[in-house]
Amino acid sequence: MKNKNLYNYILTIADNSLILAQRLGELCGHGPNLETDIALTNISLDLLGQTRSYYQYAAKISGEGKTEDDIAFLRIEREYKNCLLVEQPNTHFGYVIGRQFLFDVYHLMLMEKLQNSPDETLAAIAKKGIKEVSYHKRFSSDWVKRLGDGTEESNTKMQEAIDDLWRCTDELFFMTDAENAMVKEGIGIDVSSFKGKYYKEVSEVLKEATLTIPENKYFTKGGKEGIHTEHMGYILADLQYMQRTYPNMTW
Amino acid sequence: MKNKNLYNYILTIADNSLILAQRLGELCGHGPNLETDIALTNISLDLLGQTRSYYQYAAKISGEGKTEDDIAFLRIEREYKNCLLVEQPNTHFGYVIGRQFLFDVYHLMLMEKLQNSPDETLAAIAKKGIKEVSYHKRFSSDWVKRLGDGTEESNTKMQEAIDDLWRCTDELFFMTDAENAMVKEGIGIDVSSFKGKYYKEVSEVLKEATLTIPENKYFTKGGKEGIHTEHMGYILADLQYMQRTYPNMTW
Amino acid sequence: MSEKEVKNLEEIFEARIARDEKIEPKDWMPEKYRQTHIRQMSQHAHSEIVGMLPEGNWITRAPSLRRKAALLAKVQDEAGHGLYLYSACETLGISRDELYEQLHSGKAKYSSIFNYPTVTWADMGAVGWLVDGAAIINQVPLCNTSFGPYARAMVRVCKEESFHQRQGFEIMLTLCRGSEEQKAMAQDALNRWWWPSLMMLGPTDAESIHTEQSMKWKLKRKSNDELRQQFIDQTVPQADLLGLTIPDPDLKFNKETGSYDFGEINWDEFWQVVKGHGPCNKERMSARVNAWNNGEWVRDAAMAHAEKNANKKIAKAS
Amino acid sequence: MSEKEVKNLEEIFEARIARDEKIEPKDWMPEKYRQTHIRQMSQHAHSEIVGMLPEGNWITRAPSLRRKAALLAKVQDEAGHGLYLYSACETLGISRDELYEQLHSGKAKYSSIFNYPTVTWADMGAVGWLVDGAAIINQVPLCNTSFGPYARAMVRVCKEESFHQRQGFEIMLTLCRGSEEQKAMAQDALNRWWWPSLMMLGPTDAESIHTEQSMKWKLKRKSNDELRQQFIDQTVPQADLLGLTIPDPDLKFNKETGSYDFGEINWDEFWQVVKGHGPCNKERMSARVNAWNNGEWVRDAAMAHAEKNANKKIAKAS
């Protein structure tokens with residue numbers, strides 16, 4: 001493959017959307033009310049749409065006759081490059097919202113930069129994505145505030161989720177080799193450049209939600225380099241089930 | 001395949017052991033105390049051992065160069081012939097015990113008949129199995145009594161599990177085509193012959209456990225004909241994960 | 001109101017319906033009309049919500065990204081249908097919480113078809129093709145029913161359902177044009193969903209209650225048996241197109257009637273499922289009740305937060 | 001007891017240990033001896049119990065029936081080890097519930113290695129080969145430790161561990177003789193488990209506390225660094241046999257010492273994991289605490305049932 005770095009760079013972004021969409025897909029029909037059920041499905045659909053655009057592009061540049069589905073379904077676990085944050089389980093609604101919020105703030109900042117990439121395809125996907133991700137962020141921040149500044153129980157639960165998920169935030173700004181290479185080529189985004197802005201914005205929302213900003217300085221990482229949590233294998237077992245069981249078919 | 005009926009007959013018995021072993025395997029390390037953890041793992045191991053003997057025999061008579069693992073891992077869902085009872089989830093420990101108990105009573109009665117089958121291999125597997133299954137039954141009946149005649153909470157939970165699982169009991173005595181054919185050949189067991197005995201014995205234990213014998217006369221079936229509950233797909237997604245992802249390898 | 005006055009109002013009301021005028025929530029209506037509509041619309045809404053579950057079961061396992069997105073969108077549409085059907089109910093003076101309470105306690109029914117498991121991917125095709133197909137036949141006449149909010153909701157629902165139905169058929173078509181395994185999967189799904197789909201059109205006319213009154217209020221235009229015949233006549237040629245066999249040895253085109261004769265329906269099974277003893281009744285109800293119970297703290301928090309905000313605004317204004 | 005009497009008892013006690021006599025639970029022992037043994041044995045027991053989790057993670061997904069059975073048996077052995085180590089602790093006058101309480105509250109430690117995730121099937125090989133390998137090196141000397149119940153437990157534990165270690169190596173060997181993907185999987189597992197395994201032998205001697213006292217009581221025979229060197233010297237040739245590369249560019253055989261020199265260990269990572277911030281500390285602890293909490297009603301029921309039975313017997317007897 002000629003553009004190995006670009007290919008990997010695309011997956012680093014796209015796999016987040018795929019795995020988060022998959023996690024949200026598990027919830028469909030099980031939300032706390034119809035309105036949130038619909039909203040979360042909507043977010044899942046947006047993310048899936050983005051995933052497809054990225055993978056179609058990656059498939060094209062791979063030059064190996066790959067399809068979006070080959071990329072989505074036929075890699076081994078170590079080849080998925082999503083961050084650990086998006087694979088965290090739907091422990092309770094606080095976790096769903098916390099995960100979404102901590103990802104959305106990052107995601108929007110990334111899209112805002114990426115829309116100016118000289119790579120026209122990536123820029124176009126990002127441009128379209130900004131509208132969607134802005135909505136996601138509004139939804140998740142609103143719910144962080146509702147749950148944080150709701151009842152005592154909801155405050156405890158929201159705080160628990162934030163405390164727990166916090167250790168996955170640092171990885172968002174870890175630069176993989178593919179990212180560094182694409183930054184060098186002027187195409188990719190130096191995510192570490194908006195790390196400070198990220199924590200500032202996140203902290204403001206948490207403060208408004210009357211939540212405590214975690215002080216934990218220990219973080220986990222590995223996802224972006226393909227070393228995932230023990231949750232990932234089970235996600236993939238379901239995700240890949242059909243393609244693995246019935247290979248080489250049209251659906 | 002020459003012995004298609006015998007082959008299917010073996011699977012009808014063996015798949016129960018496989019799927020129940022798999023369900024018990026999920027629990028390993030998560031039991032209410034070490035002693036039950038060890039005991040349930042032990043049962044899982046016994047069942048897995050039986051499964052292997054059956055599948056090895058089935059592989060041999062299939063005459064298609066199949067291995068025990070091909071049979072265990074490479075069928076599609078509709079080809080698994082286990083009853084619905086064994087695929088029921090580990091909702092809580094009462095369900096684990098209830099499922100085990102309702103199966104063990106049946107299983108022991110089946111083994112006791114099967115040890116006299118003129119098919120020497122089946123008779124030998126059954127003979128060995130009797131010792132194991134007797135222990136399973138003792139363990140599960142004891143726990144039904146402990147939980148039934150324990151605290152108010154445990155009584156409620158055990159009753160809930162029995163009430164819920166009851167509808168899966170009738171299927172144990174449903175005769176598939178393969179079973180009928182093998183009964184005709186004098187090799188298979190007419191399970192319907194000990195249905196009355198089964199409900200009598202189960203009822204006695206439930207009574208001793210101060211539990212109410214369910215009066216529900218509506219039952220579900222389908223598993224023995226390959227139509228499973230919605231749980232089954234997820235069981236198989238995990239069970240088959242490695243063999244489907246990495247086909248044709250030695251482990 | 002005197003008995004005579006009521007009688008008078010009722011006559012005016014029935015006359016309006018006869019003239020095809022729409023009844024709106026603020027209009028006077030007989031109590032029985034209100035109750036019947038609450039019952040039918042909420043049953044319909046519940047069916048949409050419970051109906052999300054058998055299809056939701058395949059979202060994480062859909063075999064391609066395109067199918068996954070389409071399935072997500074479909075299940076989301078169902079949630080949307082539920083939402084505006086509940087809203088239509090609410091115009092008759094019952095709250096959504098009360099309606100849920102009726103569902104969760106088993107007092108309210110939902111379509112029995114959703115108590116069957118979705119066993120393979122092909123079920124996503126069969127459900128769309130057959131279940132949505134039968135639903136449309138039930139629902140199209142309701143676009144002209146007498147109660148305005150219900151009629152308007154049904155216009156939108158039917159449009160989306162018919163999209164879903166085509167999508168389901170297309171899944172089946174892809175399978176039938178695929179490998180042997182795929183075709184077998186499609187046939188197997190048809191085998192399992194055919195009879196329950198026929199039952200979806202309701203009990204035979206002889207057993208059906210509510211019919212006469214419902215006809216007058218345009219909640220029903222044709223009898224269950226007529227609708228069932230329509231469904232069969234429409235579906236058999238589609239099965240032929242797919243190259244699939246309808247699992248009914250008695251199915252035969254009748255040249256005299258121009259319709260298909262068909263075999264006996266297992267009504268015992270129908271009533272067993274209706275009474276709560278189908279393959280998945282318990283699972284469906286648990287899933288709904290769990291979602292509701294687990295969501296309580298979230299709904300409470302949203303309410304508390306909204307109150308706090310309202311109080312802040314009042315404090316600011318004063 | 002006077003100070004002098006205590007001093008006297010202590011001297012007799014130390015002399016017994018020096019003569020290689022076993023101390024038994026009913027014997028007099030210094031309080032510090034008791035406490036140190038409770039701490040070390042319970043830490044060991046906790047490690048067995050928590051250690052069930054990373055391997056338990058692959059039971060449902062083991063790639064063959066034979067491997068599934070072997071893995072189940074192995075995890076069961078670990079539960080067994082936990083059981084008799086807890087029993088050995090109990091002989092020193094602490095209950096299993098108290099020991100669990102110490103684990104669940106984070107007061108008691110367990111081996112840090114179990115805070116790493118088992119990412120692929122090859123990890124079942126690597127854990128057996130490396131982690132059990134390192135454990136044996138730690139534990140073999142304990143078969144001759146001074147406290148009788150601990151020494152006897154360790155004899156059995158070591159026998160089983162060395163079986164597990166061979167089994168782990170055999171998994172690796174099968175992978176290394178397999179396809180390219182399998183070999184890559186094995187190498188990847190070695191890459192991830194190598195350094196944590198070295199850390200398992202404990203902090204460098206300079207940082208290690210408790211050492212001198214432990215040597216005297218035969219809770220330790222060699223220093224951490226000596227044990228680590230022994231592990232490396234034993235394992236490198238095995239890696240060669242497998243055709244795998246140890247992920248340490250500084251690893252080199254030193255002809256003078258007859259041992260392998262090796263690169264610097266990332267002790268920051270070690271301390272981060274020890275302090276509770278490893279990749280899976282939270283998951284492991286939640287799994288244990290959840291199992292315990294979810295099991296409370298079961299344990300209560302068993303107790304209540306036993307009491308009822310005992311009362312019945314008394315009633316019968318009287």
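In what follows, chains are A, B, ... by sequence order, proteins preceding strands, each numbered from 1.
- For the options Glu307(D), Arg299(D), Met303(D), Arg288(D), heavy-atom pairs under 4.5 Å to chain B are most numerous at Arg299(D).
- Scanning all heavy atoms of the two residues, the minimum distance from Arg67(D) to Trp251(B) falls at NE-O, 2.5 Å.
- No more than 12 heavy atoms of other residues, nucleotides or ligands lie within 6.0 Å of NZ in Lys207(B), so this atom counts as exposed by the packing criterion.
- Shown here for Ser179(D) and Met249(B), the closest heavy-atom pair between the two residues is OG-SD, 3.2 Å.
- Remark: the backbone N or O of Leu65(D) is not paired with any side-chain donor or acceptor of Arg52(B) at under 3.5 angstrom.
- Contacts of Ile49(D) with chain B are made by side-chain atoms alone, with heavy-atom separations under 4.5 Å and no backbone atom involved.
- If you tally non-hydrogen atom pairs under 4.5 Å between each of Glu78(D), Met185(D), Glu296(D) and chain B, the highest count goes to Met185(D).
- With rounding to the nearest 0.5 angstrom, the CG atom of Asn33(B) is 10.0 Å from the CG atom of Asp97(D).
- Residues Leu34(B) and Arg96(D) form a side-chain contact, since some pair of their non-hydrogen atoms from C-beta on lies under 4.5 Å apart.
- The main-chain N or O of Ala291(D) is never found under 3.5 Å from a side-chain atom of His30(B) such that the two would form a donor-acceptor pair.
- Closest non-hydrogen pair, Leu72(D) versus Gly25(B), comes out as CD2-CA, 4.4 Å.
- Interface check for chain B: of the options Ala69(D), Ala301(D), Ala287(D), Ala306(D), the most heavy-atom pairs under 4.5 Å are formed by Ala301(D).
- The greatest number of non-hydrogen atom pairs below 4.5 Å with chain B, out of Met52(D), Arg177(D), Glu170(D), Arg66(D), is found for Arg66(D).
- Ring geometry, His92(B) versus Trp297(D): the interplanar angle exceeds 60°, so the pair is classed perpendicular (tilted spans 30 to 60°).
- Considering only heavy-atom pairs separated by less than 4.5 Å from chain B, the leading option among Pro63(D), Gly56(D), Gly295(D) is Pro63(D).
- Annotation: maximal heavy-atom pairing with chain D below 4.5 Å, among Glu26(B), Lys157(B), Glu153(B), occurs at Lys157(B).
- Both the backbone and the side chain of Asn42(B) come within contact range of chain D, each with at least one heavy atom under 4.5 Å from a heavy atom of that chain.
- Within the 4.5 Å cutoff, the side chain of Arg146(B) has no heavy atoms near those of the Val298(D) side chain.
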Q | Step-by-step side-chain contact (heavy atoms from CB on, under 4.5 Å) determination, Glu35(B) to Leu83(D) | A | CA-CA 8 Å; Glu35(B) 287 79 358; Leu83(D) 199 57; 3.4 Å; yes
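- Of all the heavy atoms in Ala73(D) and Leu45(B), the pair that sits closest is CA-CD1, 3.8 Å.
- Nearest heavy atom pair, residue Val75(D) against residue Cys28(B), reads CG1-SG, 3.4 Å.
- Interface remark: Leu175(D) contributes side-chain atoms only to the contact with chain B (heavy atom separation under 4.5 Å).
- Ranked by non-hydrogen atom pairs under 4.5 Å with chain D, the options Asp149(B), Thr151(B), Asn155(B) are led by Asp149(B).
- Contacts between Asp300(D) and chain B at a heavy-atom distance below 4.5 Å involve backbone atoms as well as side-chain atoms.
- Trp58(D) has its side chain within reach of Met242(B): a pair of non-hydrogen atoms, C-beta onward, lies under 4.5 Å apart.
- For Leu40(B), no part lies near chain D; criterion is any non-hydrogen pair under 4.5 Å.
- Taking 4.5 Å as the limit, some side-chain heavy atom of Lys68(D) sits within range of a side-chain heavy atom of Leu48(B).
- Taking all atoms of both residues into account, the shortest heavy-atom contact from Asp69(B) to Ser64(D) is OD2-CB, 3.1 Å.
- Heavy atoms of other residues, nucleotides or ligands lying less than 6.0 angstrom from OH of Tyr246(B) number more than 12.
- Contact of Asp238(B) with chain D is made through backbone and side chain together, with heavy-atom distances under 4.5 Å.
- Other residues, nucleotides and ligands contribute over 12 non-hydrogen atoms within 6.0 Å of the CD atom of Glu64(B).
- Without hydrogens or angle criteria, Gln76(D) side chain to Ile38(B) main chain gives a donor-acceptor distance under 3.5 Å.
- Without hydrogens or angle criteria, Gln22(B) side chain to Thr60(D) main chain gives a donor-acceptor distance under 3.5 Å.
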